[in-house]
Amino acid sequence: MNTNDLDTLKRVDPASGIPDGPLTGRELAGLQRIATRLAAEEHVAPVNGVRAADVPARRGKVRRRAVLVGVAGAVAVAAAGVVVVDPFGSGGVAMAATPPLLDAELAQGRPGKAALLALAATAAADKTLPGDAGSHTVRMQAWNLSTAVDSKERVTSAIIPEDVSLTWNSDLSGRLVIRTGQPYSPDPTSHKDPVGKPGRVKGDQSWPPGRYQPMYRYPLPSDPARLLAVLKIGHDIDANGPGQLAGAVTDLYREATPAPAVRAAVLKILADHSNAVSLGAMTDRSGRKGQAFAVDSSYGGLPNRHVLIFDAKTGRLWADETVLTKTAGRLNVRIPAVISYKLYL
């Protein structure tokens with residue numbers, strides 16, 4: 001990476017001039033949206049001629065002064081680790097391994113409005129999952145791709161899960177713990193050494209009362225119009241359309257388990273504003289059989305499908321996945337390609 005590349009990255013660094021310290025949840029979400037927009041508009045400076053493309057970034061413990069420039073060893077990983085380049089001269093792009101598609105994930109489906117409204121009615125009547133009140137606890141498994149290039153430019157890839165546990169309270173105290181899950185390698189023979197030890201703590205952050213900053217304002221309203229206005233906080237849904245609406249919904253589930261009336265309102269919003277198609281019954285990566293919907297868009301710059309899998313009995317979001325459907329752009333992956341998925345446990 002030459003001096004001009006570094007200067008360009010510094011100019012677009014939103015954390016320039018901010019003291020070092022852990023990012024809040026709101027700041028991480030803002031950084032992800034900035035990175036997505038830059039990638040989509042191809043304003044990110046190229047590294048050896050390869051520009052970053054949009055891939056959802058994982059939320060973790062990030063230091064302010066390391067938000068955009070991250071070179072570990074001899075590789076630079078764009079967003080979730082799909083594109084790998086050697087910043088010291090090889091200029092090669094690795095063909096990355098991606099998780100297998102779920103059954104019917106790319107099915108044509110049928111208009112989803114009626115099914116979403118029916119699920120909303122089920123959610124509103126649910127008595128088994130009251131949702132969060134004064135304390136919010138989220139357990140999530142997020143899977144990201146890890147790729148390494150050694151000194152001989154040999155590439156190894158593995159799918160690395162992260163087990164995420166977030167607890168925060170009405171007094172805005174909280175704790176976030178991220179652990180390494182069980183790695184999966186499409187080619188186990190390519191790994192002589194473990195990519196990551198399961199259970200290893202990757203991040204552990206606590207907030208005293210008054211310091212945790214949730215993305216949304218709580219308690220959440222159960223009126224769909226008012227809830228949509230809340231979802232638009234930090235998400236330019238009017239400009240970016242259904243693709244970002246789907247992302248706003250998943251951001252909600254990344255910090256809370258909504259009450260039944262709020263889950264119903266979320267589903268009504270999707271019914272009226274997402275143009276989602278119903279994919280019918282689908283089993284997520286933890287073996288749970290739910291009701292799946294897909295939102296097709298080019299939000300982020302590349303044609304993609306955002307798949308949402310809900311519990312058919314409670315209307316709670318169980319899983320979400322993003323699949324590149326037509327082209328990988330500058331990402332050297334085989335289409336169709338799952339580029340991220342999350343399980344809400």
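A heavy-atom distance below 4.5 Å is found between the side chains of D251 and Y216. Residues H306 and V323 form no side-chain contact, since every pair of their non-hydrogen atoms from C-beta on lies 4.5 Å or further apart. V138 is not listed as a side-chain neighbour of R254, based on a closest heavy-atom distance of 4.5 Å or more.
Under the rule for a side chain to side chain contact (heavy atoms under 4.5 Å, CB included), the partners of T314 that lie at least two apart in sequence or sit in another chain are D126, T128, L129, R263, D311, R316. Remark: R226 pairs with P221, D223 by the side chain to side chain contact (heavy atoms under 4.5 Å, CB included) rule, at least two apart or across chains. By the side chain to side chain contact (heavy atoms under 4.5 Å, CB included) test, A107 pairs with A104, L279, sequence neighbours left out. Partners of N275 under the side chain to side chain contact (heavy atoms under 4.5 Å, CB included) rule, at least two apart in sequence or in another chain, are P242.
In the hydrophobic clustering (ILVMFWY side chains linked at under 4.5 Å, chained through shared members), V295 stands by itself.
Listed for the N169 side chain is no donor-acceptor partner under 3.5 Å among the backbone atoms of G174. Side chain of D284 to main chain of R288: a donor-acceptor pair is present (N/O by atom type, distance under 3.5 Å, no hydrogens or angles).
Salt-bridge formation is not detected for the pair D163/R179: no Lys NZ or Arg NE/NH1/NH2 atom is positioned less than 4.0 Å from an Asp or Glu carboxylate oxygen.
Side-chain atoms of Y212 and D171 include no donor-acceptor pair closer than 3.5 Å.
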Pair up each side-chain donor or acceptor in residues 113-123 with any protein partner under 3.5 Å, not counting sequence neighbours, and list the distances.
{"from": "K113", "atom 1": "NZ", "to": "D272", "atom 2": "OD1", "distance (Å)": "3.4"}
{"from": "T122", "atom 1": "OG1", "to": "A118", "atom 2": "O", "distance (Å)": "3.2"}

